[in-house]
Chemist: 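Submitted below is the structure of interest, expressed as structure tokens.
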Amino acid sequence: RIPWGNWKFSYSSWGRLPGPPRTGWEEATVIAAGMPASDSVSLIKAVLRESPLLAADCVHRSSITLPPDLRAQVLARLQIQSQRPLPRIHPSSWGLISPPGWLEKRLPLKRRDWLQARRLLLVSVRLEAEKQIGWFEDRPALVLRRREALLSDGKKCAFIEPDWVTIPTGIFRMGSGDDEAERLRIYRVAPYADEKPGHSVELAQSFSIGRFPVTVAEYRCFMDAGGYLEDKYWQGDAALRWLYGKLNFKESYQYWVYVEQRKQAEAILPELPRLVAEGAWTPTQARNLQATLAMSPEDLEKRWRELEMEKRDENERAARPWLWDERDYRNPSQPVIGVSWYEAQAYAVWLAECLRLADLLPAGLAVKLPSEAQWEKASRGSDGILWPWGNRWDSTRCNTLESRIQLPSPVGMYPHGSSPYGVLDMAGNVWEWCQDWYDKKEYERRQGSPVVDPRGPETGQARVVRGGSWLSSRYDARCACR
């Protein structure tokens, strides 16, 4: 039985969220389930009665093939665990949900920590349940949209059709101005200079955007179909040079970030203690920035090449996203990470071909990364809200630093963090690529003239990313942050 009362609450401001409570018998149970002589099905049934999470872990780690009815039972119990993470337990047996006055006599927590401890445990259990569902690859949002396309060479290609959300035409608020700055002050957040001034933008054409970020399961279809082996998906000279490992360090996104950090070093470094104290950065992030700025360009380029080679085969051709083989980042229901802009663009070209061959893409329409304006309208709607759900910061609605997960979470895990149009994971979880080149003065040039369907600069050094990630704070998870 799960010892709910023994869950260890971490007092560190930035320690990773602990997993669900453990009995100490988890490893022995997984090993027993995988032994050839054991009655694995009976064991899974017995464990399932007390711990759906452990039952699912036994299945995945021991590679057990369950009968269809038992598989359905495990998934059903996991769904319940995700939607109602904690059992109804009397306060005398579980301090974390007891009234603060009683709790103070039992646990060394202050009154204000009581709700936070309970909230963190809820997230911990829900996260584990969602991940276990993901390993089954039976998530309805993905399974119900699996499709096949017949390629010109006669081969079948499997893909997952996005769950499209239509964003209407109209005028919306883009960027940040004095009004946004005033509303953000209570959260000790200030708009960045490149978000100013706030201005009105009209989108003259409606468009559709995926309800979720592209998942590992979706991107695996691209890889299995030979996406990295087909030059036709890599459009433009720069994309092909990146694919074949011919792009030099000074053309990379990482070099641009390094140059910008060096330019702002004198302003940023003295501010690091304050940013850490306010929760915008972790101490580790602050130390990493200091170490990066202390590196010579030659050492930084060497490190960049080492990381690049992790994505490439023996011929230096790109073959996979960064960290693709790491278990923490390859759950099928998590968003794919470590993807360059060129990879994101190639995936969109491939997906368009699959949709067209399956008669799911009407003539005249294309699949591509959203423009910066399209992304922001899908995120904040027409009313200029600060975060996708509204103007009040709430760390229970997204996966950011404040959530303390410190890893990508399964898509759709935060339904209450949806945008006005129902698009999910637009705050936190993973940064999302846009079509536009980045220019910090782009908004200044728009002043005094109507702005309709802006597409950004004609050229540049780096593309725009939006939305923040699991390693970003409330600063970067804002709709206007770029």
Side-chain angles (χ1 to χ4, degrees), residues 162 164-170 172 174-175 194-195 199 201-214 218-219 222 227 232-243 247 251-254 256-257 321 335-356 361 364-380 388 419 421 423 425-427 429-443 445-446 451-469 476 479-482:
W164 298 114
V165 177
T166 300
I167 311 299
T169 62
F172 75 101
M174 190 169 183
D194 62 356
E195 303 169 28
H199 55 288
V201 169
E202 180 182 357
L203 295 184
Q205 292 184 326
S206 62
F207 64 96
S208 295
I209 192 169
R211 188 179 303 277
F212 312 104
V214 175
E218 291 170 282
Y219 199 82
F222 169 69
K232 64 181 179 179
Y233 301 130
W234 305 81
Q235 298 184 345
D237 177 66
L240 285 170
R241 289 174 59 229
W242 182 89
L243 177 65
L247 210 66
E251 295 176 281
S252 71
Y253 177 81
Q254 290 82 357
W256 175 85
V257 171
V336 64
I337 71 156
V339 173
S340 70
W341 186 88
Y342 300 110
E343 289 167 292
Q345 183 77 350
Y347 175 82
V349 175
W350 169 82
L351 180 62
E353 180 184 64
C354 292
L355 291 169
R356 195 170 289 114
L361 185 65
L365 296 184
V367 178
K368 57 184 179 180
L369 299 175
S371 71
E372 195 174 8
Q374 288 173 332
W375 191 97
E376 188 161 334
K377 183 170 186 185
S379 174
R380 73 193 307 191
S419 79
Y421 301 110
V423 187
D425 293 280
M426 299 200 84
N429 213 1
V430 290
W431 285 103
E432 300 179 10
W433 287 111
C434 291
Q435 190 71 35
D436 305 36
W437 288 104
Y438 174 79
D439 186 338
K440 61 185 176 183
K441 295 187 180 295
E442 172 66 18
Y443 290 6
R445 285 192 283 270
R446 297 179 183 178
V451 182
V452 181
D453 294 331
R455 296 296 170 183
E458 291 294 323
T459 186
Q461 177 68 36
R463 302 283 181 167
V464 172
V465 289
R466 288 293 199 120
S469 76
D476 296 340
C479 300
C481 178
R482 54 196 299 263

Chemist: Mind checking ring-ring contact (aromatic ring centres under 6.0 Å, His included) for Y219 and listing every partner two or more places apart, or none if nothing turns up?
Modeler: F222, Y347
Chemist: Could you give the distance from CG (L203) to CD1 (I167), rounded to the nearest 0.5 Å?
Modeler: 9.5 Å
Chemist: When you measure from the side chain of W437 to the backbone of R455, do you find a donor-acceptor pair of N or O atoms at a distance under 3.5 Å?
Modeler: no
Chemist: Check for a donor-acceptor pair, side chain of W341 on one end and backbone N or O of C434 on the other, with a separation under 3.5 Å.
Modeler: yes
Chemist: Can you name the side chain to side chain contact (heavy atoms under 4.5 Å, CB included) partners of P162, sequence neighbours left out?
Modeler: W164, L351
Chemist: Carefully, step by step, assess R356 and V367 under the rule side chain to side chain contact (heavy atoms under 4.5 Å, CB included).
Modeler: CA-CA 10 Å; R356 195 170 289 114; V367 178; over 6 Å; no
Chemist: Atom CG of D436 and atom CD of E442: how far apart are they, to the nearest 0.5 Å?
Modeler: 7.5 Å
Chemist: Does Y233 have any side chain to side chain donor-acceptor pair (under 3.5 Å) partners at least two apart in sequence or in another chain, and if so, which?
Modeler: E353
Chemist: Side chain to side chain contact (heavy atoms under 4.5 Å, CB included) for K377 and Y421? Distances and angles first, verdict last.
Modeler: CA-CA 9 Å; K377 183 170 186 185; Y421 301 110; 3.3 Å; yes
Chemist: Please give me the minimum heavy-atom distance between P168 and S206, naming the atom from each residue.
Modeler: CA-CB, 4.1 Å
Chemist: Quick one: side chain to side chain contact (heavy atoms under 4.5 Å, CB included) partners of A238, sequence neighbours excluded?
Modeler: Y342
Chemist: Of the non-hydrogen atoms in A352 and L361, which two are nearest, and what is the gap between them?
Modeler: O-CD2, 3.9 Å
Chemist: Would the distance check show the side chain of D453 and the main-chain N or O of A204 forming a donor-acceptor pair, the cut-off being under 3.5 Å?
Modeler: yes
Chemist: Applying salt bridge (charged side-chain N to carboxylate O under 4.0 Å, His left out) as the test, list every pair that has at least one member in residues 364-375; sequence neighbours left out.
Modeler: E372-R466, E372-R482
Chemist: Starting at CG of L247, measure out to CG of L240 and round the result to the nearest 0.5 Å.
Modeler: 11.0 Å
Chemist: Can you say whether the rings of Y443 and H199 are parallel (under 30°), tilted (30 to 60°) or perpendicular (over 60°)?
Modeler: perpendicular
Chemist: Side chain to side chain donor-acceptor pair (under 3.5 Å) with S252: which residues, sequence neighbours excluded?
Modeler: none
Chemist: Say whether, by atom type as modelled, one donor and one acceptor occur between the side chain of W350 and the main chain of Q345 under 3.5 angstrom.
Modeler: no
Chemist: Evaluate side chain to side chain contact (heavy atoms under 4.5 Å, CB included) for W433 paired with V464, printing each intermediate quantity in order.
Modeler: CA-CA 6 Å; W433 287 111; V464 172; over 6 Å; no
Chemist: Let's go through D439 and R445 carefully: what are the C-alpha distance in whole Å and the side-chain angles of both, what is the deciding distance for salt bridge (charged side-chain N to carboxylate O under 4.0 Å, His left out) to 0.1 Å, and is it a yes or a no?
Modeler: CA-CA 10 Å; D439 186 338; R445 285 192 283 270; 2.2 Å; yes
Chemist: Measure from the side-chain N and O atoms of S419 to the backbone N and O of A378, and report whether any donor-acceptor pair falls under 3.5 Å.
Modeler: yes
Chemist: Does A373 offer a backbone N or O that forms a donor-acceptor pair with the side chain of E376 under 3.5 Å?
Modeler: no
